[in-house]
Amino acid sequence: MTKKVILDVDTGVDDALGILLAVGSGEMDVLGITTVNGNVSLDQATLNTCKVLQLLGMEQQIPVIKGANKPLLRTTYFEHRVHGKDGLGGALSDMQVHTQPAEGHAVDFIIEQVKQHAGEVTLIMTAPLTNLALAVMKYPDLIHQVREVVVMGGVVQGFGNVTPTAEYNMYVDPEAAKIVLHAGFPALTLVGLDVTRKALLTEEHIRSLGDTPIGRYVRESTADYMQRYHERNGVRACALHDPLAVGVALNRELVTTRHYYVDVETRSELCDGQTVCDFQNRMAKPANVHVCMEVSADAFLDQFICALRA
């Protein structure tokens, strides 16, 4: 039985790989893909999403709905150094898109789908949390009607990837992240850099995809991404941040989680966007997040490669 999901993306290189996994797994009924400003502009993220679906031959089956074009309170902060000017590392640059985004706004789409399929929808958030924060503010009962929320974001035991303390999605819109974390979702899982940095896609993995349209796309889109990762970390690979969030939604047994109180810093000149996890219950506040602490990286990578080869 397929799991009903909505993917919320700012489609850069790893969001695109997450979409490939969600569709290729055959285990997800993707109700729609909502887009948001983040790695690239809202329009670019939307175009990239349409391109990836067209590559998969799914552009008629899965609607793409545009959402927020900027963070709640802050200015935009793109990540072109990692994802390239177009967000896909130059891959699919010649593709002519045949379908346009669906009418409406991502916030309304999320609310409508959750209402229509109450208790069934998993929200997989691999971008700044602006759309979900707006949805919660518009329709507070949303928190009781989703099945679960899986968020790629944050880091609780390591260093950041955009500042010394902050992970990118949290840093771009920390006010939105704070709203989501404090909204009261009964099942909210944080898939942070603590585990995504262990899920490394290597050149050997890419070769195993073969000389196929998907294999060629993955090779081209990740080339610069891998180079940046090598320059920063000394490893010829790239972390599958967003695909791991999809993987966790597919199979919770891939990760070990702990239930903690988690908050996000929004008023620090030095540490804005830092994800603060109360490991010792110093603040005496109820746990609000299932935090991923360990991952079976090999099992996830096997799942990822099998889905893309399918």
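Numbering of residues begins at 1 and proceeds along the displayed sequence.
- No side-chain heavy atom of Q274 sits under 4.5 Å from any side-chain heavy atom of T163.
- Between L129 and N169, every side-chain heavy-atom pair lies at or beyond the 4.5 Å cut-off.
- For the atom pair K138 NZ and H105 NE2, the distance stands at 8.5 Å (nearest 0.5 Å).
- Looking at E148 and R252, a side-chain N of the basic residue comes within less than 4.0 Å of a carboxylate O on the acidic one, giving a salt bridge.
- Distance check, rounded to the nearest 0.5 Å: NZ of K51 to CG of L92 gives 6.0 Å.
- Nearest heavy-atom pair across A245 and V150 is O-CG1, 3.5 Å.
- Partner of P243 under the side chain to side chain contact (heavy atoms under 4.5 Å, CB included) criterion, chosen from L20, D15, L17: L17.
- For Q44 (side chain) and K85 (main-chain N/O), no donor-acceptor pair under 3.5 Å exists by modelled atom type.
- Residues L7 and T126 form no side-chain contact, since every pair of their non-hydrogen atoms from C-beta on lies 4.5 Å or further apart.
- A 4.5 Å side-chain heavy-atom check between R74 and V172 finds every atom pair outside the cut-off.
- Take H259 and apply the ring-ring contact (aromatic ring centres under 6.0 Å, His included) test, not counting sequence neighbours, and it matches H290.
- When side chains are defined from C-beta on, R219 does not count as touching L209, because their heavy atoms never get closer than 4.5 Å.
- For the pair K3 (side chain) and T122 (backbone), a donor-acceptor distance under 3.5 Å is absent.
- Other residues, nucleotides and ligands contribute more than 12 heavy atoms inside 6.0 Å of the CD atom of E231.
- Linking ILVMFWY residues whenever their side-chain heavy atoms come closer than 4.5 Å, directly or via other members, places I143 and V180 in the same cluster.
- Rounding to the nearest 0.5 Å places CD of E112 at 11.0 Å from NE2 of H117.
- Grouping the Ile, Leu, Val, Met, Phe, Trp and Tyr side chains by contacts below 4.5 angstrom, directly or via other members, places Y260 with L188.
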**Study point:** Full working for side chain to side chain contact (heavy atoms under 4.5 Å, CB included) between I62 and V23
**Key:** CA-CA 10 Å; I62 300 175; V23 174; 3.9 Å; yes
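- Although no hydrogens or angles enter the test, the distance criterion places no donor-acceptor pair under 3.5 Å between the side chain of Y217 and the main chain of V52.
- With sequence neighbours left out, the ring-ring contact (aromatic ring centres under 6.0 Å, His included) criterion links Y229 to no other residue.
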Scan the side chains in residues 190-202 for donor-acceptor partners under 3.5 Å anywhere in the protein, sequence neighbours excluded, and list what turns up.
residue: D194; atom: OD1; partner: Q157; partner atom: N; Å: 2.8
residue: D194; atom: OD2; partner: V156; partner atom: N; Å: 2.8
residue: T196; atom: OG1; partner: G192; partner atom: O; Å: 3.4
residue: T196; atom: OG1; partner: H241; partner atom: ND1; Å: 2.7
residue: R197; atom: NH1; partner: F159; partner atom: O; Å: 2.8
residue: R197; atom: NH2; partner: F159; partner atom: O; Å: 3.2
residue: R197; atom: NH2; partner: G160; partner atom: O; Å: 3.0
residue: K198; atom: NZ; partner: E294; partner atom: OE1; Å: 3.2
residue: T202; atom: OG1; partner: E204; partner atom: N; Å: 3.4
residue: T202; atom: OG1; partner: H205; partner atom: N; Å: 3.3
residue: T202; atom: OG1; partner: H205; partner atom: ND1; Å: 3.0

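- A pairwise comparison of heavy atoms in I65 and A102 identifies CG1-CB, 4.1 Å as the closest pair.
- Of the possible donor and acceptor atoms, one in the side chain of D86 sits under 3.5 Å from a partner among the backbone N and O of L88.
- Contact annotation: the side chain of K115 approaches that of Q145 to within less than 4.5 Å [non-hydrogen atoms, C-beta and beyond].
- Listed by chain and residue number, nothing satisfies the ring-ring contact (aromatic ring centres under 6.0 Å, His included) test with F304 (two or more places apart in sequence, or in another chain).
- Remark: D302 CG to F300 CZ distance equals 10.5 Å, nearest 0.5 Å.
- Both L21 and M28 are members of a single hydrophobic cluster when ILVMFWY side chains are connected at heavy-atom separations under 4.5 Å.
- Closest non-hydrogen pair, A177 versus V264, comes out as CB-CG2, 4.0 Å.
- Between the CG atom of D10 and the CG atom of D242 there is a distance of 7.0 Å, given to the nearest 0.5 Å.
- Between the side chain of N288 and the backbone N or O of L181, at least one donor-acceptor pair lies under 3.5 Å.
- Screening V149, V107, I6 against L132 for a side chain to side chain contact (heavy atoms under 4.5 Å, CB included) leaves a single residue, V149.
- By the side chain to side chain contact (heavy atoms under 4.5 Å, CB included) test, A68 is found to be paired with V36, T130, N131, L134, residues two or more places apart in sequence or in another chain being considered.
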Exercise for review: Before giving the answer on side chain to side chain contact (heavy atoms under 4.5 Å, CB included), spell out for D211 and R216 the whole-Å C-alpha distance, their side-chain angles and the decisive distance to 0.1 Å.
Suggested key: CA-CA 6 Å; D211 188 22; R216 290 191 292 272; 2.9 Å; yes
Practice item. Quick one: do D8 and L123 satisfy side chain to side chain contact (heavy atoms under 4.5 Å, CB included)? Show the steps, please. Key: CA-CA 7 Å; D8 187 80; L123 302 177; over 6 Å; no
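- No side-chain heavy atom of T99 sits less than 4.5 Å from a side-chain heavy atom of L53.
- What you find for A135 and L142 is that their closest heavy atoms are CB-CD2, 4.0 Å.
- You'll find the side chain of R267 reaches within 4.5 Å of the side chain of E265, heavy atoms only.
- In terms of hydrophobic clustering, with Ile, Leu, Val, Met, Phe, Trp and Tyr side chains grouped at heavy-atom distances under 4.5 Å, L244 and M226 are assigned to a common cluster.
- Of the possible polar contacts, none joining the E203 side chain to the R236 backbone as a donor-acceptor pair under 3.5 Å is found.
- A donor-acceptor pair under 3.5 Å is formed between the side chain of Y168 and the backbone N or O of G38.
- Judged purely by atom type and a 3.5 angstrom limit, T212 uses its side chain to pair as donor or acceptor with the backbone of G215.
- Rounded to the nearest 0.5 Å, atoms CD1 (I214) and CD1 (I206) are 13.0 Å apart.
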Review point. So Q116 and L31, side chain to side chain contact (heavy atoms under 4.5 Å, CB included) or not? Walk me through it.
Key: CA-CA 11 Å; Q116 185 177 335; L31 302 174; over 6 Å; no
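- Cluster annotation: V13 is not connected to F78 through the hydrophobic network of ILVMFWY side chains, with a link wherever side-chain heavy atoms come within less than 4.5 Å.
- Of all heavy-atom pairs between S296 and E253, the closest is OG-O, 4.5 Å.
- F185 meets the ring-ring contact (aromatic ring centres under 6.0 Å, His included) test with no other residue; sequence neighbours excluded.
- Here the closest heavy-atom approach between residue N37 and residue P71 is recorded as ND2-CD, 3.5 Å.
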